[in-house]
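Inspection log for the structure reproduced underneath, given as structure tokens.
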There are 2 protein chains.
Amino acid sequence: MTTQARTRAATINDVARVAGVSRAAVSKVLRDAYGVSDAMREKVNAAIDELGYRPRVSARGMRGATFTIGIELPNLDNPFFSDLVSGATSRLLGEPYQLIVAPASPANAEGERAIQALTDRQVDGVIAISPEVEQSWLEDVAAAVPLVMLGRHDDTREYDTVVGDDAAGTRLVLEHLLGLGHRRIAHLTLPESVTVERPNTTHGVREAAYRRIMADAGLAGEIRVVNVEPDPETVYAATRDLIDGPDRPTAVFAAHDELALTVLRAVADAGPAGGDVSVVGYDDTWIARHPLISLTSVNQSGQHMGGRAIDLLLDRVAGRKHPVHEVVAPRLLVRESSRAPTA
Amino acid sequence: MTTQARTRAATINDVARVAGVSRAAVSKVLRDAYGVSDAMREKVNAAIDELGYRPRVSARGMRGATFTIGIELPNLDNPFFSDLVSGATSRLLGEPYQLIVAPASPANAEGERAIQALTDRQVDGVIAISPEVEQSWLEDVAAAVPLVMLGRHDDTREYDTVVGDDAAGTRLVLEHLLGLGHRRIAHLTLPESVTVERPNTTHGVREAAYRRIMADAGLAGEIRVVNVEPDPETVYAATRDLIDGPDRPTAVFAAHDELALTVLRAVADAGPAGGDVSVVGYDDTWIARHPLISLTSVNQSGQHMGGRAIDLLLDRVAGRKHPVHEVVAPRLLVRESSRAPTA
DNA sequence: TGACTGTTGTAGATCAGTCTACAAGTGGGT
DNA sequence: ACCCACTTGTAGACTGATCTACAACAGTCA
């Protein structure tokens, strides 16, 4: 009893033969197309069940649709991205589309490669979160397949966007901290290659808003932006530098929760010697709500954004031509990680 | 300047025409097949670059390979699954294969549907984590495409498995707790449909080991298994019932970290009135290591398991016929969430 | 009765690749 | 000069679906 050779699965021709109809007829039943009598539908479905037939998506993709929607994510570690996927998945329940996730290798900026991997696979639509990719490149992609970008404030006619109101969210954070009495508020965010050089990304907008609001509050001299690669070691070291250095900030506004968690870790490890440092995140991921973490954060409902991205994409697939740029309102959730500075 | 119609991308015929060679020749270059002169390779590659040509994976899938490996996951919320994916992704760097993730809708047990979605797409190999799926069904899948299952102790010749030594891991946990002086140790785990009814799954093995080890320690009377659906609300409520009920356990062994976090939350919310309850998890996810969480947990290196799964799958793709069942040794990481019971 | 319309099913082209079989060219050995 | 083996390139079948065009038939109405 050894492992058999790969079994040859049933094809549409087998179904046609068993049902005693033409291949085209089976195809019509499969696609629920016009011109099928009840009697035929029944015969065909019986044959499909009998053979355990499943259409090959590759073959379908040659002419028609693949009924596949691809979503590109920078990584799977950030719980906010899981929220997006879970929102997309639930919105897709009942639709004939399957969602597949292409994680961009966490190594170097592989967003382009991952998006291309999806279009190579003839997906019917793409959702992506690539801050580092050029708008013009995305417009080329959008010429070939419907595209919805998350977390980009791009002004374009070629694809749709779903994005939080990052300026408003940043304002919520800073007004909260300023209201508590903080003055030395640092902003820890991604490298300048995705903030300064990409002013249309979430993190670009957040950093710019931080600078503007601080200046407007008469705190131009206190502006302190720490741009770091988002791997935990680097973030940890940068935070320790902040804490141990001169002019220790009384509050750190981290550009997203995953960063904020590492900041919290560094602060906790520093102990009382590190002083009292408030920490605020962004995204309100589930872990921020945990009572042992209790991280103040801005909610922009990843679930909702993921669902809306699907809505827009399905619209595009259905033929919509004009662009839609949707902005999600942020909400501040105040928790224990932020409090008035001591003295 | 309105949105254009979808542009028609270059095909292999276009490349052949521009390069002045046959379609078959281009195909050879693409596949790096035998019988290509340097001169031709150069001409073809130049044409490919000029046209920005990318082969359609759908068309390739009709006869050859899709260079795609699919991984099915129950959900993306559990950070352990992210570890698996990230391990798989890094192992795949440099290989010509693209990884795509098919999340089984978090709703009802959709593992079968997600795995089928992958095979429908002609992936060259499948990695999956479906505890609730029948072994015989998986053997049918494995007859059509190389398959590696994670977290299953199945004894089968048809597919490979990568799994932690769950009995040993459970023993580490219980010896640790017993050594600290705990006697009333409860086990919080998934519903009986994936433990009792599926004794070959991680959680089935862990529950059985818990029962055996408790009995061997003369604590048969203290055995207390709480089987719950893994959504946070249910887990939270079940934990509160444990804490608030009679015979409050002094320790809770949660079947995985995600459950343990919710248990920690319920314990924290209960406050001092809830008594001193130690909590132990399983998987040693990154959040368990956070100093504010500091959850004692069993490490079985998701990164490593994901990487090994890819190794085995590539072996299978390369032609290996005999099964490999790989067992990963567990390691206990003791942290602050577990301590001696108070009196 | 004949023309017209609408429904139901089929034939056959088509999609973009891979793969097999083979022809043509090259070089060496005897 | 002839045979043989090897290298390089091509022709054309093939994959499993969808999609267009059309034939056959039934029913309606003048």
Side-chain angles (χ1 to χ4, degrees), chain A residues 6-45 47-48 51-68 96 119-124 144-145 317, chain B residues 6-45 47-48 51-68 96 119-124 144-145 317:
Chain A
R6 303 267 167 254
T7 55
R8 239 184 114 46
T11 74
I12 198 172
N13 281 305
D14 300 328
V15 175
R17 191 165 17 78
V18 169
V21 300
S22 73
R23 188 174 69 251
V26 178
S27 177
K28 279 189 181 180
V29 172
L30 288 175
R31 291 173 291 125
D32 207 9
Y34 177 83
V36 185
S37 67
D38 288 351
M40 186 171 86
R41 193 190 322 281
E42 217 165 304
K43 270 192 302 186
V44 169
N45 280 329
I48 287 177
L51 296 172
Y53 166 75
R54 298 191 57 92
R56 237 69 91 237
V57 172
S58 288
R60 289 187 133 175
M62 296 288 302
R63 300 215 54 160
T66 57
F67 298 101
T68 309
T119 55
D120 290 349
R121 280 157 186 77
Q122 303 283 102
V123 295
D124 296 335
V145 61
V317 171
Chain B
R6 302 266 165 257
T7 53
R8 242 186 113 43
T11 73
I12 198 173
N13 281 306
D14 300 327
V15 175
R17 190 163 20 76
V18 169
V21 299
S22 74
R23 188 174 68 254
V26 178
S27 176
K28 279 189 181 180
V29 172
L30 288 175
R31 291 173 290 124
D32 207 8
Y34 176 83
V36 184
S37 66
D38 288 351
M40 186 170 86
R41 192 190 324 281
E42 215 165 304
K43 271 191 301 185
V44 169
N45 281 328
I48 286 177
L51 296 173
Y53 166 75
R54 298 192 56 93
R56 237 71 92 238
V57 172
S58 289
R60 290 188 132 175
M62 296 290 301
R63 298 214 55 158
T66 56
F67 297 101
T68 309
T119 56
D120 290 348
R121 280 157 186 79
Q122 304 283 101
V123 294
D124 295 335
V145 61
V317 170

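When reading the values below, keep in mind they use all heavy atoms of this one structure, side chains included, and skip hydrogens, waters and symmetry mates. No experiment lies behind these values; they were computed from the predicted model shown. Just so we're on the same page: letters track the sequence lines, and every chain starts at 1.
For D:dT18, one of the phosphate oxygens OP1 or OP2 lies less than 4.0 angstrom from a side-chain nitrogen or oxygen of A:Ser27. Remark: B:Tyr34 is not in phosphate contact with C:dC19, judged by side-chain N or O atoms under 4.0 Å from OP1 or OP2. Distances shown here put every side-chain N or O of B:Ser37 at or beyond 4.0 Å from the OP1 or OP2 atom of D:dT7.
To the nearest 0.5 angstrom, A:Arg54 atom CZ is 11.0 Å from A:Leu30 atom CG. Taking OG from A:Ser58 and CD from A:Gln122, the interatomic distance works out to 9.5 Å, rounded to the nearest 0.5 Å.
When the P atom of C:dG17 is taken as reference, atom CD of B:Gln122 falls 16 Å away, rounded to whole Å. In this structure, the CG atom of A:Asn13 is 12 Å from the P atom of D:dT18, given to the nearest Å. Between the P atom of D:dC19 and the CG atom of A:Asp32 lies a distance of 13 Å, rounded to the nearest Å. Following rounding to the nearest Å, A:Phe67 (CZ) and D:dA17 (C1') show an atom-to-atom distance of 12 Å. Note: CE (A:Met62) to P (D:dA17) measures 12 Å, nearest angstrom. Taking atom CZ of B:Arg56 as the reference point, atom P of D:dT15 lies 22 Å away to the nearest angstrom. Whole-Å rounding puts the A:Arg121 CZ to C:dA16 P distance at 18 Å. A straight line from CZ of A:Arg23 to C1' of D:dC14 spans 13 Å, rounded to a whole angstrom.
Closest approach of A:Thr66 to A:Val123, counting heavy atoms only: OG1-CA, 3.6 Å.
Checked against C:dG17, D:dG16, C:dA11, the side chain of A:Ala59 finds its nearest nucleotide in D:dG16. When each of C:dG17, C:dC19, D:dC19 is scored by its nearest atom to the side-chain atoms of A:Arg31, the top-ranked nucleotide is D:dC19. Taking the side chain of B:Ala24 as heavy atoms from C-beta on, and the options D:dA11, C:dT10, D:dT18, the nearest nucleotide is D:dA11.
If you check every strand for non-hydrogen atoms under 4.0 Å, A:Val57 touches nothing. Heavy atoms of B:Val26 sit nowhere under 4.0 angstrom from any nucleic acid atom. Within 4.0 Å of A:Thr11, counting heavy atoms only, lie sugar-phosphate atoms of the nucleic acid but no base atom.
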- Decide yes or no on side-chain contact (heavy atoms from CB on, under 4.5 Å) for B:Val44 and B:Ile48, but give the supporting numbers first. CA-CA 6 Å; B:Val44 169; B:Ile48 286 177; 3.9 Å; yes
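The 5' end of DNA chain D is approached more closely, in terms of each residue's nearest nucleotide, by B:Lys28 than by the other of B:Arg63 and B:Lys28.
Checking B:Arg121 against B:Thr68 by side-chain atom types alone, no donor-acceptor pair falls below 3.5 Å.
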